Amino acid sequence: MFKSRWIAPVAIGAILIASQALAADKKVIAVSIPAADHGWTAGVVYHAQAAAKEVNTAFPDVEVVVKTSPSAAAQVSALEDLSAGRKLDALVILPYSSEELTTPVKAVKDAGTFITVVDRGLSDASIQDLYLAGDNIAVGRNTAKYMIEKLGGKGNLVVLRGIPTVIDDERIQGFNDAIKETELKVLDIQYANWNSDEAFKLMQDYLAKYPQIDAVWANDDDMLLGVLEAVKESGRKDIKLALGGNGMKDIVKKVMDGDAMTPVETPYPPAMIKTAIYMTIANLVGQAPVRGTVKLDAPLITQENAKEYYFPDSPF
């Protein structure tokens, strides 16, 4: 396993150097990703389509095909459609959910396809040739460490989970491991499916159920938006911190502006799909063998460094 904050330029360089050695047969790389059902996945779709356009323009012997799916069942069908009647040289997939996509991806793997898994890992890691994601344990751990410091190691917390996936499990693991030796108490933890509306409703339930909440961890910025709206409508003054994760531009702007309730953030860039596509292409045509796990750093975004992470023209 190795870490990198910026792998794409290296991968692009490897491809460019080998551009004269492309095989005569066109290589097909399928990219299967969730549809833009919330802000982060909108960013994923944006960057995947941008990468496909760039690669298809630059390399006539490589075809990148992007397919979005609104559900796990739809993504299973999409894999069948993508592989029907042609051999896939590589599949870059961000699974809608880990459990439901593991067997279908294995079927593609068994046909001789190079498998790159992004973000939401499969239930069986042996299927993937390359895995690229942010450091989800660090996202949870770094958020928890900040809460511990600001709350003096004690207080009542509520937590919102995303959907049942490896990355959600890892974020919760990192958070729980960090607070287990403190007096921070998790009053409740439930899924809100990385959805702002569901998070709004869940936070309303938390507010009605618990008279004293010192901090909220929303696990994801789309959910954080719902949390902040629910807290605002409630008029409650007991909540000192409401934190998310992923680096949404609206949340990074809050950090830049010194927002009291959301003073820090952790990045988890949707552009990682683009990095994964470039690395996969480099493996196929650039004589640059790529195997293993790549984890992108998750440093704490503060008011001091927030400008480095603020991209106002991004869809996320």
Side-chain angles (χ1 to χ4, degrees), residues 38-40 134-162 167-180 182-196 198-200 202-204 206-207 210 212-232 234 236-269 297-306 308-310 316:
H38 64 287
W40 193 83
D135 191 339
N136 285 289
I137 290 178
V139 168
R141 182 180 62 242
N142 292 343
T143 303
K145 285 183 175 180
Y146 184 84
M147 283 189 173
I148 293 167
E149 178 185 350
K150 291 302 176 181
L151 298 176
K154 59 183 178 181
N156 293 330
L157 313 178
V158 292
V159 177
L160 292 82
R161 300 195 66 162
I167 67 167
D168 183 81
D169 291 342
E170 289 178 344
R171 290 187 184 191
I172 297 302
Q173 175 190 335
F175 189 86
N176 286 339
D177 286 349
I179 68 171
K180 65 183 178 182
T182 73
E183 295 180 49
L184 292 175
K185 179 182 179 183
V186 177
L187 299 175
D188 214 329
I189 176 169
Q190 297 183 40
Y191 288 98
N193 299 309
W194 290 324
N195 181 277
S196 182
E198 291 187 44
F200 175 79
L202 179 55
M203 191 62 205
Q204 283 185 318
Y206 284 165
L207 291 166
Y210 303 106
Q212 177 64 40
I213 299 173
D214 295 293
V216 185
W217 183 39
N219 190 323
D220 165 88
D221 291 334
D222 283 286
M223 293 193 297
L224 179 59
L225 294 179
V227 166
L228 293 173
E229 184 62 28
V231 172
K232 180 181 178 181
S234 74
R236 290 270 290 265
K237 303 301 182 184
D238 51 316
I239 299 170
K240 303 174 184 67
L241 293 173
L243 305 180
N246 282 356
M248 177 188 283
K249 63 183 180 183
D250 295 342
I251 304 304
V252 175
K253 185 64 165 59
K254 284 180 176 291
V255 175
M256 288 174 59
D257 294 341
D259 188 272
M261 191 175 293
T262 308
V264 297
E265 169 71 324
T266 48
Y268 198 83
D297 291 344
L300 207 63
I301 300 174
T302 66
Q303 190 173 24
E304 287 70 31
N305 66 3
E308 300 176 29
Y309 299 90
Y310 183 59
F316 180 75

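Counting from 1, the numbers follow the sequence of the chain as shown. Fair warning: this is a prediction, and the values are worked out from it, not measured in the lab. The figures here come from the full heavy-atom set of this structure, side chains too, leaving out hydrogens, waters and symmetry mates.
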Ignoring hydrogens and angles, tell me if any N or O in the side chain of [X] forms a donor-acceptor pair with the backbone of [Y] under 3.5 Å.
X      : Y      : result
Asp297 : Pro299 : no
Thr182 : Ile179 : yes
Glu265 : Gly247 : yes
Asp188 : Val158 : no
Glu170 : Asn136 : no
Arg236 : Leu207 : yes
Thr266 : Leu300 : no

Quick check: do [X] and [Y] have side-chain heavy atoms less than 4.5 Å from each other?
X      : Y      : value
Met261 : Val231 : yes
Val216 : Leu157 : no
Asp222 : Met248 : yes
Leu160 : Tyr206 : yes

_salt bridge (Lys or Arg N to Asp or Glu O under 4.0 Å) partner of Asp214, chosen from Lys240, Lys185, Lys237_ =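 Result for salt bridge (Lys or Arg N to Asp or Glu O under 4.0 Å) with Asp214: Lys240.
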Roughly how far apart are [X] [atom1] and [Y] [atom2], rounded to 0.5 Å?
X      : Y      : atom1 : atom2 : result
Asn193 : Glu198 : CG    : CD    : 4.5 Å
Gln204 : Ser234 : CD    : OG    : 9.0 Å
Leu224 : Trp194 : CG    : CH2   : 15.0 Å
Asp257 : Lys253 : CG    : NZ    : 3.5 Å
Lys249 : Phe316 : NZ    : CZ    : 10.0 Å
Leu202 : Ile189 : CG    : CD1   : 10.5 Å

*Given side-chain contact (heavy atoms from CB on, under 4.5 Å), test Ile172 with Val159 step by step and report yes or no.*
CA-CA 9 Å; Ile172 297 302; Val159 177; 4.1 Å; yes
*The single option from Val255, Ile301, Leu241 passing side chain to side chain contact (heavy atoms under 4.5 Å, CB included) against Pro263*: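 Result for side chain to side chain contact (heavy atoms under 4.5 Å, CB included) with Pro263: Leu241.
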_With side chain to side chain contact (heavy atoms under 4.5 Å, CB included) as the test, pick out the partner of Asn156 among Asp238, Leu151, Leu187._
Leu187
*Would you find more than 12 non-hydrogen atoms of other residues, nucleotides or ligands less than 6.0 Å from Gln173 atom CD?*
yes
*Take Glu308 and Val252, measure what side-chain contact (heavy atoms from CB on, under 4.5 Å) needs, and give me the verdict at the end.*
CA-CA 10 Å; Glu308 300 176 29; Val252 175; over 6 Å; no
*Could you tell me whether Arg161 and Asp169 make a salt bridge, using a distance below 4.0 angstrom between a side-chain N and a carboxylate O?*
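Yes, Arg161 and Asp169 are salt-bridged.
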*Salt bridge Lys254-Asp250, side-chain N to carboxylate O under 4.0 Å*: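 No, Lys254 and Asp250 are not salt-bridged.
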Which atom names give the shortest non-hydrogen contact between [X] and [Y], and what distance separates them?
X      : Y      : value
Gly162 : Tyr191 : O-CD2, 3.2 Å
Ala199 : Met223 : CB-O, 3.3 Å
Ile148 : Ala178 : CD1-O, 3.3 Å
Met256 : Ala306 : CG-CB, 3.2 Å
Arg171 : Trp217 : O-CH2, 3.4 Å

*Asn219 and Asp168: side chain donor to acceptor below 3.5 Å*: yes
*Does a donor on one side chain sit under 3.5 Å from an acceptor on the other, for Asp221 and Asn246?*
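Note: Asp221 and Asn246 side chains miss the donor-acceptor criterion.
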*For residues 243-269, which residue pairs qualify under ring pair (Phe, Tyr, Trp, His ring centres under 6.0 Å), counting only residues two or more places apart or in two chains?*
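Found Trp40-Tyr268.
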*Would you list the pairs meeting side chain to side chain donor-acceptor pair (under 3.5 Å) in which at least one residue belongs to residues 138-149, sequence neighbours left out?*
none
